[in-house]
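Side chains included, hydrogens not; waters and symmetry mates left out as well; all remaining heavy atoms used. Source: prediction; values computed, not measured.
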Amino acid sequence: MTKRVLWGVGSSRALRAHWALVFLGLDYETRPILTRTPAMETPEYRAVNPRGKIPTLIDGDLTLTESPAIVAYLAERYSTPERRLIPEALDQRALYFEWMSFISMELDATSLYVLRRHEGLPEIYSPAPEACVAARAYFERMITAATVRLEDGRRYLLGDDFFGVDILMTTVLDWAVNYGFDLPDAFAAYRTRIDEEPSTALAHRANTPP
Ligand SMILES: N[C@@H](CCC(=O)N[C@@H](CS)C(=O)NCC(=O)O)C(=O)O
């Protein structure tokens with residue numbers, strides 16, 4: 001059997017990888033290292049991920065970082081007719097990758113991660129209050145614009161089926177709520193629906209530090 005190991009627990013990016021693994025019903029071992037702890041600095045982990053970030057997935061001979069890539073890889077490789085995390089139809093897959101890019105770049109990297117760095121970790125990245133005000137306004141604008149896609153009453157981002165992009169979106173929405181954002185109604189209701197997914201609680205349990 002393929003040896004499958006996931007490094008990292010306790011962060012929103014690690015949660016994405018755990019969630020894909022548990023949704024697909026895959027066996028794996030967890031190395032429960034936490035961000036910004038000495039466990040991230042060990043030679044053993046630096047050999048696995050020289051960038052010193054979590055999560056990192058090892059699946060047989062493949063070592064993979066970047067949580068959206070990990071979710072997409074697991075979805076491509078291990079989806080089955082019963083448990084599918086990425087659509088099969090080309091147009092739907094195009095929309096999957098559009099959501100993946102939008103969530104990773106517009107909601108994560110250029111909005112919430114700016115707040116994480118400059119409000120949450122000013123001693124490392126320096127305070128930048130004006131950039132934080134702009135990042136908050138930008139997140140509000142982007143998430144409000146995205147509600148248009150939910151106007152037809154769909155349950156998930158791509159329709160009636162839960163896919164990997166719903167994992168990514170939920171982690172940024174949770175993160176935004178923790179940072180004091182009031183979500184637009186459509187996304188607050190979407191988040192409630194995701195809470196009803198059986199995999200949600202399993203994923204949070206898998207991502208909880210021991
Ligand atoms: N783009 C990466 C970001 C990974 C990342 O920044 N992970 C955080 C924890 S959520 C981390 O390891 N931070 C440690 C550091 O920046 O030194 C991904 O999506 O996996």
Side-chain angles (χ1 to χ4, degrees), residues 1-37 39-42 44-80 82-87 93 96-109 112-113 116 156-158 161-178 191 194-195 197-210:
M1 197 179 83
T2 304
K3 185 163 170 64
R4 201 174 292 119
V5 176
L6 183 67
W7 290 78
V9 290
S11 82
S12 55
R13 273 69 165 265
L15 173 63
R16 297 169 180 174
H18 286 286
W19 201 331
L21 286 159
V22 300
F23 181 92
L24 294 167
L26 299 171
D27 290 328
Y28 67 104
E29 291 172 20
T30 300
R31 301 277 187 276
I33 61 170
L34 283 164
T35 185
R36 299 183 195 289
T37 63
M40 300 277 282
E41 314 294 336
T42 63
E44 186 189 8
Y45 189 56
R46 287 302 162 124
V48 170
N49 182 352
R51 295 203 291 275
K53 297 266 197 170
I54 55 169
T56 302
L57 174 74
I58 300 176
D59 192 32
D61 292 336
L62 177 69
T63 298
L64 192 61
T65 64
E66 297 299 322
S67 54
I70 293 172
V71 172
Y73 161 74
L74 291 169
E76 296 273 19
R77 181 145 201 170
Y78 295 111
S79 286
T80 63
E82 295 76 34
R83 302 177 198 209
R84 169 156 290 286
L85 268 184
I86 190 163
R93 291 168 65 81
Y96 177 103
F97 289 112
E98 183 197 43
W99 274 115
M100 193 174 113
S101 179
F102 172 72
I103 296 164
S104 304
M105 291 305 303
E106 309 311 322
L107 301 182
D108 183 328
L112 297 174
Y113 204 35
R116 168 72 178 142
Y156 301 114
L157 295 181
L158 291 174
D161 296 316
F162 177 92
F163 288 122
V165 283
D166 295 296
I167 292 176
L168 300 185
M169 181 58 95
T170 304
T171 60
V172 297
L173 295 179
D174 290 351
W175 191 1
V177 169
N178 285 339
R191 201 163 158 253
I194 299 274
D195 275 347
E197 271 294 308
S199 63
T200 306
L202 294 175
H204 282 281
R205 199 169 311 142
N207 187 47
T208 301

> Is any side-chain heavy atom of Asp108 closer than 4.5 Å to a side-chain heavy atom of Trp175?
Replying inline: yes
> Does any N or O in the side chain of Ser101 come within less than 3.5 Å of the main-chain N or O of Phe97, such that one atom is a donor and the other an acceptor?
Replying inline: no
> For Tyr156, what residues pass the side chain to side chain donor-acceptor pair (under 3.5 Å) criterion, not counting sequence neighbours?
Replying inline: Glu197
> Do Arg13 and Ile54 have side-chain heavy atoms sitting under 4.5 Å apart?
Replying inline: no
>> For a 4.5 angstrom cut-off between non-hydrogen side-chain atoms, does Phe23 reach Phe163?
In response: no
> Hey, does Ile167 have a side-chain heavy atom less than 4.5 Å from the side chain of Leu85?
Replying inline: yes
> In Å, rounded to the nearest 0.5 Å, how long is the span from CG of Leu168 to CG of Leu173?
Replying inline: 11.0 Å
>> If you define the side chain from C-beta out and look only at heavy atoms, does anything of Asp174 sit under 4.5 Å from Ser12?
In response: no
>> Once rounded to the nearest 0.5 Å, what's the spacing between atom CG of Leu26 and atom CG of Asp59?
In response: 8.0 Å
> Quick check: does any side chain N or O of Arg93 sit under 3.5 Å from a backbone N or O of Pro87, one acting as donor and the other as acceptor?
Replying inline: yes
>> Tell me every residue that passes side chain to side chain donor-acceptor pair (under 3.5 Å) with Trp19, counting only those two or more places apart in sequence or in another chain.
In response: Ser199
>> Go through it in stages, so that I can follow the logic: the residues are Val48 and Arg31, the test is side-chain contact (heavy atoms from CB on, under 4.5 Å), and I'd like the CA-CA distance, side-chain angles, deciding distance and then a yes or no.
In response: CA-CA 12 Å; Val48 170; Arg31 301 277 187 276; over 6 Å; no
>> Any side-chain to backbone donor/acceptor pair from Asp166 onto Leu157? Under 3.5 Å, distance only.
In response: yes
> Can you tell which of Asp195, Val22, Thr170 makes a side-chain contact (heavy atoms from CB on, under 4.5 Å) with Thr200?
Replying inline: Asp195
> In Å and rounded to the nearest 0.5 Å, what is the CZ to CZ distance from Arg51 to Arg46?
Replying inline: 11.0 Å
> To the nearest 0.5 Å, how far apart are CG in Leu64 and OG1 in Thr56?
Replying inline: 8.5 Å
> Between Glu29 and Lys3, is there a salt bridge with N-O shorter than 4.0 Å?
Replying inline: yes
>> Below 30° counts as parallel, above 60° as perpendicular, anything between as tilted: where do the rings of Trp7 and Tyr45 land?
In response: tilted
> CG of Leu24 to CD of Glu82: how many Å apart, nearest 0.5 Å?
Replying inline: 11.5 Å
> How about Asn178: does its CG atom have over 12 heavy atoms from other parts shown lying under 6.0 Å from it?
Replying inline: yes
> What heavy-atom pair brings Ser104 and Pro68 nearest, and what distance separates the two atoms?
Replying inline: OG-CG, 3.4 Å
> Is it true that a side-chain atom of Arg84 and a backbone atom of Phe162 form a donor plus acceptor pair closer than 3.5 Å?
Replying inline: no
> Side chains of Met169 and Val172: does their closest heavy-atom pair fall under 4.5 Å?
Replying inline: yes
> Can you tell me how far CG of Leu6 sits from CG of Leu57, rounded to the nearest 0.5 angstrom?
Replying inline: 6.0 Å
With a cut-off of 3.5 Å and sequence neighbours excluded, list every side-chain donor-acceptor pair involving residues 201-210.
unit_1, atom_1, unit_2, atom_2, d
Asn207, OD1, Gly10, N, 2.9
Asn207, ND2, Ser11, O, 3.2
Thr208, OG1, His204, O, 2.6

> Got Arg191 and Val177 here, is their nearest side-chain heavy-atom distance under 4.5 Å?
Replying inline: yes
> Which heavy atom in Leu74 sits nearest to a heavy atom in Ala20, and how many Å separate them?
Replying inline: CD1-CB, 3.8 Å
> Tell me, do Thr30 and His18 make a side-chain contact under 4.5 Å, heavy atoms counted?
Replying inline: yes
